[in-house]
Amino acid sequence: MKTILVVAESRQNELRPISLEVISAAQSVREADDKVVVAIIGQQSESYVDDLSLKGVDEVVAVKVSSEDFDADIHEAAVTSLMENYTPDVVLLPHSVDSLGYAPTLARKGNYGFATDVFKLEYDGQDLVVTRAGYNEKVHVEMDFPGKDCVILTIRSSVFKAVEESGSPSTTSLDMTNIGSRCQNVRYVEPEGADDIDITSVDFIMSIGRGIGEESNVDEFREMADLSGATLCCSRPIADSGWLPKSRQVGQSGKVVGNCKLYVAMGISGSIQHMAGMKHVPTIVAVNTDPGASIFTIAKYGIVGDIFEIEEELRTHFE
Amino acid sequence: MKILVAVKEVASLDDDFEIRDDQLDVDEDFLLYELNEWDDFSLEEAMSIKERSDTEVEVVVVSVGPDRVEESLRKCLAKGADRAIRVWSDEMEGSDSITVGRILAAVAEQEKPDMIFAGVQSSDNADASTGIAIASYLNWPHTAVVAGLDYTPGANKATASRELEGGLGQEVEISCPAVLTIQLGINTPRYASLRGIKQAAAKPIDEVSLSDLGLSAEEVGADAAFSRVRRMYIPEKGMATMIEGTTAEQAAKLAQIIKEFKGEA
Ligand SMILES: Cc1cc2nc3c(=O)[nH]c(=O)nc-3n(C[C@H](O)[C@H](O)[C@H](O)COP(=O)(O)OP(=O)(O)OC[C@H]3O[C@@H](n4cnc5c(N)ncnc54)[C@H](O)[C@@H]3O)c2cc1C
């Protein structure tokens, strides 16, 4: 019998959907007599208990702390004492910006096994074996944790299907409002670009990546997008360089293009953060000079070729 | 005042790479080394703080790795870092991100910087944990994925803007000294000037070993790591139908896909 502790995540008074995916990851290795405990940490933690009362969850723990906003010191201390109380065998966190801020210290202080951005968990006898990617998604790596009684993992988003069916776990409340912090929330800043078109609503996108090389090449792709009726979007380096506005960035820290049906990726390698914004698109066509580019693993059609040569030829069909 | 910038030489893969016979890593012949992309941004952040500061600021770059890492450290010196430290002992081979954090924390204990920057993650393994592990060993305040920073060297507080999912920003006030992991796009990294490259050749790269740091062999390397690689393999390529032919043929097919989508074909 093992105990799996899931730490759910909230932000700006909402439960983050990835929490339900992490519960699903816990189910993927749950055996009949195992116990799944889901914790939520925040000033208003009790308000999420209903949403977390899901099938396959045995207990929901609402941990009340002094700050509603994520705080690395508070989360670390809270999860540490949860781990003392529940002595879990496995602790699952979302692979999120918040978790990145404290998961490594948690693992280090307890000398627990540790792996991040995990997308598969399984048991080989008694041994937990997890899979993550390496070398910019070009290889997969199976890892284990010899000699570790407890393992902390952060779970990749959009891999495990969110648990939706409700259940009736027991609930517990813990007060940890006495934990101090060395880092305080000042304010949230909404992303800019509200005046630009909303790329989450369009159905056809042509997206450019670092493969376009120079700013002066953006125009020909803008023209191509216009000619073919596509909305021009981009990967992060293009927005970071200011070649296209941030509002056109697709991915984890940009937009998820929820309504897109056709996505033509030009010179984009397919990092996990970019794919987070577009891998659901039914028809993805990727053009890349590197036949090993990971974008080809999710594309429906692939062209190994130079985006400038392809663009020049493509144009003739629309002019 | 001093800012310590932790940098990593990352490996990318050559086309047609092969996995080693023991299936634990990629065959070394197919690895191409370069400075981690995130580290260009952390170095730039340190350099711009130095240049804006009224008080003297020393920017020190540190990396854990064998001889070849010197090349990446030279690149940082060419961009203006004052000094570089390369940490290596054979026992460090196989260290994971947290163990590397331990080594870097030991360097920080000797250097006593006022601020430490590390990249959010490295482009090869993307563990995204070294920086925060450094903070953990030092017991310093820390925050991850910083995309904006307001910091005066020596101040006991800084305002950092964390970049959250969906591009939402969160400004936090953090006590210093602190460890911040720096995100892409926080600034525009400079290129090394010709003069910088010349000067870099003359700047020192201190070499530091395990014993210099007062660490023991048991504290580093594969045996001290928090995880172990069991097997590395090349994943199935997925479902992409490759469009073959001449460029004109490939483009014609793409045009057809677009036109069919728009109901024009
Ligand atoms: C917390 C966090 C959040 C992030 N959020 C996002 C995000 O929201 N969106 C995002 O995109 N990234 C995001 N990133 C960054 C991400 O990790 C990658 O750095 C980025 O996606 C890489 O963009 P790219 O594919 O355009 O560039 P690269 O990875 O450099 O790929 C360029 C590609 O172009 C190909 N190429 C080059 N020249 C040509 C040519 N002439 N013809 C055809 N192909 C060519 C190359 O083979 C290569 O595959 C985030 C990272 C972190 C850590």
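Naming convention: chains lettered A, B, ... in sequence-line order (proteins, then strands); numbering from 1 in each chain. Just so it is clear, the values below take in all heavy atoms, side chains as well, and ignore hydrogens, waters and symmetry mates.
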Would you please test B:Gln170 and A:Asp69 for side chain to side chain donor-acceptor pair (under 3.5 Å) and show each step? CA-CA 10 Å; B:Gln170 186 195 14; A:Asp69 308 297; 4.8 Å; no
Can you say whether A:Ala115 sits under 4.5 Å from chain B via the side chain, the backbone, both, or neither, judging by heavy atoms? neither
Over all atoms of both residues, closest heavy-atom pair of B:Asn125 and A:Arg132: O-NH1, 2.9 Å
Nearest 0.5 angstrom please: B:Ile258 CD1 to A:Thr283 OG1, how far? 11.5 Å
If you count heavy-atom pairs under 4.5 Å between each of B:Ser227, B:Gly166, B:Ala252 and chain A, which one has the most? B:Gly166
Pick one of side chain, backbone, both or neither for B:Glu37, based on which atoms fall under 4.5 Å of a heavy atom in chain A. side chain
Can you tell me if B:Asp16 has over 12 outside heavy atoms packed within less than 6.0 Å of its CG? no
How long is the straight-line distance from OG1 of A:Thr105 back to CG of B:Leu138, given to the nearest 0.5 Å? 12.5 Å
Carefully, step by step, assess A:Arg236 and B:Glu163 under the rule salt bridge (charged side-chain N to carboxylate O under 4.0 Å, His left out). CA-CA 13 Å; A:Arg236 174 159 190 146; B:Glu163 180 197 86; 2.9 Å; yes
Non-hydrogen atoms of chain B under 4.5 Å away: do they reach the side chain of A:Ser271, the backbone, both or neither? neither
Taking every non-hydrogen atom, the tightest pair across A:Pro104 and B:Ala128: CG-O, 4.5 Å
Where do A:Thr116 and B:Ser129 come nearest, in terms of heavy atoms and distance? CG2-OG, 4.4 Å
Taking A:Gly101's backbone N and O only, do any of them form a donor-acceptor pair with B:His142's side chain (distance below 3.5 Å, no angle check)? yes
Interatomic distance, CE@A:Met266 vs CG@B:Leu254, rounded to 0.5 Å, equals 6.0 Å
I need the residue from A:Lys246, A:Glu137, A:Arg16 with the largest number of non-hydrogen atom pairs under 4.5 Å to chain B. A:Arg16
In terms of heavy-atom proximity below 4.5 Å to chain A, should B:Asp25 be classed as side chain, backbone, both, or neither? side chain
Quick one: pull up OG in A:Ser228 and CD1 in B:Ile257 and give me the separation to the nearest 0.5 Å. 12.5 Å
Tell me if a side-chain donor or acceptor on B:Lys259 pairs with a main-chain N or O of A:His317 at a distance below 3.5 Å. yes
Shortest non-hydrogen contact from A:Gly302 toward B:Ala240: N-CB, 4.4 Å
List the steps and the verdict of side-chain contact (heavy atoms from CB on, under 4.5 Å) for B:Gln121 and A:Gln273. CA-CA 12 Å; B:Gln121 64 180 38; A:Gln273 294 91 0; 3.5 Å; yes
Salt-bridge contact A:Glu142-B:Arg228 (side-chain N to carboxylate O under 4.0 Å): no
Heavy-atom pairs under 4.5 Å with chain A - which of B:Ser175, B:Pro235, B:Ala126, B:Ala133 has more of them than the others? B:Pro235
Applying a strict 4.5 Å limit to non-hydrogen atoms, the region of B:Ala178 in contact with chain A is neither
Highest number of heavy-atom pairs under 4.5 Å with chain A among B:Ala255, B:Ser12, B:Ala144, B:Gly185 belongs to B:Ala255
Check whether B:Glu165 reaches the backbone of A:Val97 with its side chain - one donor and one acceptor, N or O, closer than 3.5 Å. yes
Ring centre gap for A:Phe204 and B:Phe261 strictly below 6.0 Å: yes
Where on A:Asp144 is there a heavy atom nearer than 4.5 Å to chain B: the side chain, the backbone, both, or neither? both
Chain A interface, residue from B:Met232, B:Glu244, B:Arg102 that has the most non-hydrogen pairs under 4.5 Å: B:Met232
Can you tell which part of B:Leu164 gets under 4.5 Å to a heavy atom of chain A, answering side chain, backbone, both or neither? both
With rounding to the nearest 0.5 angstrom, report the CD1 to CD1 distance, A:Ile303 to B:Ile243. 4.0 Å
So which part of A:Asn111 gets closer than 4.5 Å to some heavy atom of chain B, the side chain, the backbone, both or neither? both
Which region of B:Arg162, side chain (C-beta onward) or backbone (N, CA, C, O), has a non-hydrogen atom less than 4.5 Å from a non-hydrogen atom of chain A, or is it both or neither? side chain
Does any heavy atom of chain A fall under 4.5 Å from the side chain of B:Ile19, the backbone, both, or neither of them? side chain
A:Gln12 atom CD, over 12 foreign heavy atoms within 6.0 Å: yes
In terms of heavy-atom pairs under 4.5 Å with chain A, which of B:Lys253, B:Gln23, B:Glu171 leads? B:Glu171
Please test B:Phe17 against A:Val139 for side-chain contact (heavy atoms from CB on, under 4.5 Å), starting from the C-alpha separation and ending with a verdict. CA-CA 10 Å; B:Phe17 66 94; A:Val139 301; 3.6 Å; yes
Which atoms of A:Asp98 come close to chain B, meaning under 4.5 Å heavy atom to heavy atom: side chain ones, backbone ones, both, or neither? both
A:Leu314 versus B:Ala251, closest heavy-atom pair with distance: CD1-O, 3.6 Å
More than 12 heavy atoms of other residues, nucleotides or ligands under 6.0 Å from CG of A:Asp226: yes or no? yes
As an exercise: rank A:Tyr188, A:Tyr102, A:Phe145 by heavy-atom pairs under 4.5 Å with chain B and give me the winner. A:Tyr188
Heavy-atom contact with chain A under 4.5 Å, split by part of B:Asp127: both
Restricting to non-hydrogen atoms, name the atom on A:Asp290 and the atom on B:Asp15 that form the minimum distance, rounded to 0.1 Å. OD1-OD1, 3.5 Å
Atom group of B:Val145 that falls short of 4.5 Å from chain A, counting heavy atoms: side chain
Under 4.5 Å from a heavy atom of chain B, the part of A:Val285 involved: side chain
Between A:Val129 and chain B, which part of the residue has a heavy atom less than 4.5 Å away: side chain, backbone, both or neither? side chain
Could you walk me through whether A:Arg182 and B:Asn139 pass the side-chain contact (heavy atoms from CB on, under 4.5 Å) test, one step at a time? CA-CA 11 Å; A:Arg182 301 170 290 184; B:Asn139 196 21; 3.7 Å; yes
Checking side-chain contact (heavy atoms from CB on, under 4.5 Å) for the pair B:Val10/A:Tyr135: CA distance, chi angles, key distance, verdict? CA-CA 9 Å; B:Val10 293; A:Tyr135 295 113; over 6 Å; no
Hey, is the main chain of B:Gly167 close enough, under 3.5 Å, to the side chain of A:Lys255 for a donor-acceptor pair? no
Is there a donor in the side chain of B:Ser136 and an acceptor in the side chain of A:Arg108, or the other way round, less than 3.5 Å apart? yes
Is it the side chain or the backbone of B:Thr247 that comes within 4.5 Å of chain A heavy atoms, both, or neither? both
Can you confirm whether more than 12 heavy atoms, excluding those of B:Glu236, are under 6.0 Å from its CD atom? no
So for A:Val264, is it side chain, backbone, both, or neither that comes closer than 4.5 Å to the heavy atoms of chain B? side chain
Could you state the interatomic distance from OH (A:Tyr301) to CD (B:Gln250), rounded to the nearest 0.5 Å? 14.5 Å
Which atoms of B:Leu24 come close to chain A, meaning under 4.5 Å heavy atom to heavy atom: side chain ones, backbone ones, both, or neither? neither
